[in-house]
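Worksheet: one structure, shown below.
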Amino acid sequence: MTKKLKDIVSDDASLIAREAWTDEHIYDLEKKGIFGKTWLFLGHESQIKNPGDFVQAYMGETPIILARGGDEKVYANINSCSHRGVPVCRSDHGNAKRFVCPYHSWSYTVEGELVTIPQERELKSCPDKSKLGLKAVPRLESWKGFYFGSFDTDIESLDDFLGDMKFYLGAFIDRFKGGVEFIGAPHRWTIDANWKLPVENQLGDVNHGPFLHSSIIPAEAAEEINEFGFSVVTNPGHGATFRLMPEDAHPGMMAWGMESPVALMAEPEVHQYLFETQDKAVERVGDIRSRMKGLTYGVYPNFSFLWSNASFKVSHPRGPGKVEYWSWSVVPADAPEEVKKTLRANYSCFFGPGGILEQEDSEAWSQQFLGSNIDYVDDRPYFYGLGLGEEKSHPDLPGQVDVCANEHYAREFFKRWRSDLESVEEQP
Amino acid sequence: MSEVSGMSELDSMSELDNMSEFKMTPELQFEIEQWYYREARLLDGRQYQQWLRLMSEQISYSMPSRINTQVNNRDRGKEEMISVDRELERAQDMTGCPLREENFAFLMMRVDRAYKMNSWAENPPARTRRIIGNVEVLEQASDQLKVISNFHLFYARPGTRDFLYSGQRRDTLQKVGEGYKVLSREIVMDYGAIDYPTMGLLF
């Protein structure tokens, strides 16, 4: 890389060089300055209810096991044997008493302690097993059942990190008496794209919806966004877009889940559940948040949420030009089985690797990576200036707020991104 | 065969051992194979509207998600230990999330989309070639047939790599007049990781 970061992202982040997506050196800086430091989503408590339950996760490219220990506490360890580095867990999820390395059978508890070295009985000296457990993720905290890890022992608390995003995340999670449930293993697929574009797409880019997805999304949806839509940035890199429906809007226009054709075609039981949930929303999340009809959410650096089809997503980097994208269908934990089944289909029909909408997104992301790699356009950084400086505060909505066409969500992301990379830029 | 859509290939195979009345004939095998070849020709020819007429309006169309599972110690030494079905998160269970679970209306939406100018992920459209094989009629009861078949689907599109999709379809066909319609289809894909532009094709 010949350019400095200040030449990659302009000070107001309205211009961003193409190298931000393609450069190997920048990717190394991202690993050090972002994935090696900040809070990263690992999993949800509904996936690890019982002692011994575990799921796999990643922090950047580093494989993690998130597990509930015999003491009911949650543990996050790197999935790599202390002896020769082979992964000790190969299943996406399950319940285990021990993780056993296949190579020499060193075995670990679900909490990560080394308990068996089969070779040691032949030897005179025994290694100190207490020093040879799996490497624990140094910081592990949760908020409303969402577990995050960080490699930076000195990082701020998760609570502070999430900040006002809790207001917007809570608008969804707290709508349901029993919280939410992640269903099964995540759908995970690789896309020939840079990890930041799926993030940007889910952070606030509703502007592509009526165009890229015009074969499926009706024009009225865009009108509703133009009329009632807000784009909010709570902290740089965190953002939410949503419609704030008027007080006299029909509950059918506000109820979460009801804007999907899958739900519209569903049995009356499903409608009843969704309407009842909306009826109780004021008491559970308050007036303003009960009228919120979300669109996209993002938590820095790579955790996303899609309101209408209830999916949480993580964009795992795999080099500048490859991303392993994970997504889960998420349903209200207390919903009847048939309702959950409908809501699950509402996710998979439109999103995930088989979804009719997301196939356009992943295609656009791949094409953006190709476009970022072409020659002779070094003097043409991408334009991120839509609505520059037009965001402002709002009496009821925490953060900086504007119409959805304002790209401040992306500018704030890239300001934080630049600052995180600059913090490690000069290191050897 | 009362519950047609919920049975796996293995379930039905084990039942098959006990079914003495069902006699496979070369004529039936030929008829069913020809039916599948025609279906593949319509799909490769992008004649999705004609293809849709081969689907029952009551169709349940699903694609399980394929996961890496833990081996159950008690199953050691038995075929169940590594059975394919253990790796599937299927539409009839709520323990996981299948990649697809669709009905006729949704298939119709996919077909409609194919003929819109703005279905960007397939503009220009993919060039595909399906090879259907190992067509096996497992069961026959009244007007329904349970059939499994394998496919290789070659997928090429300008501006991207070429892809090979491989999988098995577990179908229930319903006799309608002189032909058949698909009443249920479960598509078991063979993938380690999903490294495809989309799993949303018409399989």
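A, B, ... follow the sequence lines: proteins, then strands. Residue 1 opens every chain. Predicted, not measured: the structure shown is a model, and the values here were computed from it. These values consider heavy atoms only, across backbone and side chains, with no hydrogens, waters or symmetry-generated copies.
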Proximity breakdown for [X] and chain B, heavy-atom pairs closer than 4.5 Å:
X: A:Tyr347; answer: side chain
X: A:Arg344; answer: both
X: A:Gln367; answer: side chain
X: A:Phe54; answer: side chain

Is there a donor-acceptor contact under 3.5 Å from the side chain of [X] to the main chain of [Y]?
X: B:Gln70; Y: A:Asn95; value: yes
X: A:His187; Y: B:Ile194; value: no
X: A:Lys341; Y: B:Asp93; value: no

Less than 4.5 Å apart, side chain to side chain, heavy atoms only: is that true for [X] and [Y]?
X: A:Glu363; Y: B:Pro197; value: no
X: A:Trp189; Y: B:Asp195; value: no
X: A:His93; Y: B:Ile67; value: yes
X: B:Ser119; Y: A:Gln359; value: no
X: A:Ile356; Y: B:Arg110; value: yes

Looking at [options], which has the largest count of heavy-atom pairs under 4.5 Å with chain B?
options: A:Leu370, A:Ile216, A:Asp361, A:Ile191; answer: A:Ile216
options: A:Ala345, A:Ser362, A:Ala364; answer: A:Ala345
options: A:Thr190, A:Asp192, A:Val262; answer: A:Thr190
options: A:Ser214, A:Gly355, A:Gly352, A:Cys349; answer: A:Cys349
options: A:Pro261, A:Ser366, A:Gly94, A:Ser348; answer: A:Ser348

Measure the spacing between OG of B:Ser65 and CG of A:Asp92 and express it to the nearest 0.5 Å.
->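 Going from the OG atom of B:Ser65 to the CG atom of A:Asp92 covers 8.0 Å.
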
Is there a donor in the side chain of A:Ser91 and an acceptor in the side chain of B:Asn68, or the other way round, less than 3.5 Å apart?
->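 No, B:Asn68 and A:Ser91 have no side-chain donor paired with an acceptor closer than 3.5 Å.
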
State whether the number of non-hydrogen atoms from other residues, nucleotides or ligands found under 6.0 Å of [X] atom [atom1] is greater than 12.
X: B:Leu28; atom1: CG; result: yes
X: A:Arg90; atom1: CZ; result: no
X: B:Tyr115; atom1: OH; result: yes
X: B:Lys116; atom1: NZ; result: yes

Contacting moiety of B:Tyr196, where chain A heavy atoms sit under 4.5 Å =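 For B:Tyr196, the contact with chain A is made by the backbone alone.
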
Proximity breakdown for B:Asn123 and chain A, heavy-atom pairs closer than 4.5 Å =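 Contact with chain A is absent: no heavy atom of B:Asn123 under 4.5 Å.
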
Hey, which residues of residues 327-338 of chain A are touching chain B, say heavy atoms under 4.5 Å apart?
->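 Expected list: A:Ser329, A:Glu337.
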
What closest approach, in Å, do A:Ser215 and B:Arg113 show between heavy atoms, and which atom pair accounts for it?
->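 A:Ser215 and B:Arg113 have their closest heavy atoms at OG-CG, 3.8 Å.
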
Check each of B:Met63, B:Met189, B:Met199, B:Arg100 against A:Pro353 using the side chain to side chain contact (heavy atoms under 4.5 Å, CB included) test, and report the only one that passes.
-> B:Met199

Which pairs pass ring pair (Phe, Tyr, Trp, His ring centres under 6.0 Å) with one or both residues in residues 54-113 of chain B, sequence neighbours excluded?
->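 Qualifying pairs, neighbours excluded: A:Phe350-B:Phe106.
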
Among the listed options B:Ser62, B:Gly200, B:Cys97, B:Ala193, the residue most often paired with chain A at heavy-atom distances under 4.5 Å =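 So the answer, after comparing B:Ser62, B:Gly200, B:Cys97, B:Ala193, is B:Cys97.
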
Would you mind telling me which of B:Met117, B:Glu122, B:Arg161 has the largest number of heavy-atom pairs within less than 4.5 Å of chain A?
->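 Counting heavy-atom pairs under 4.5 Å, the top option is B:Arg161.
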
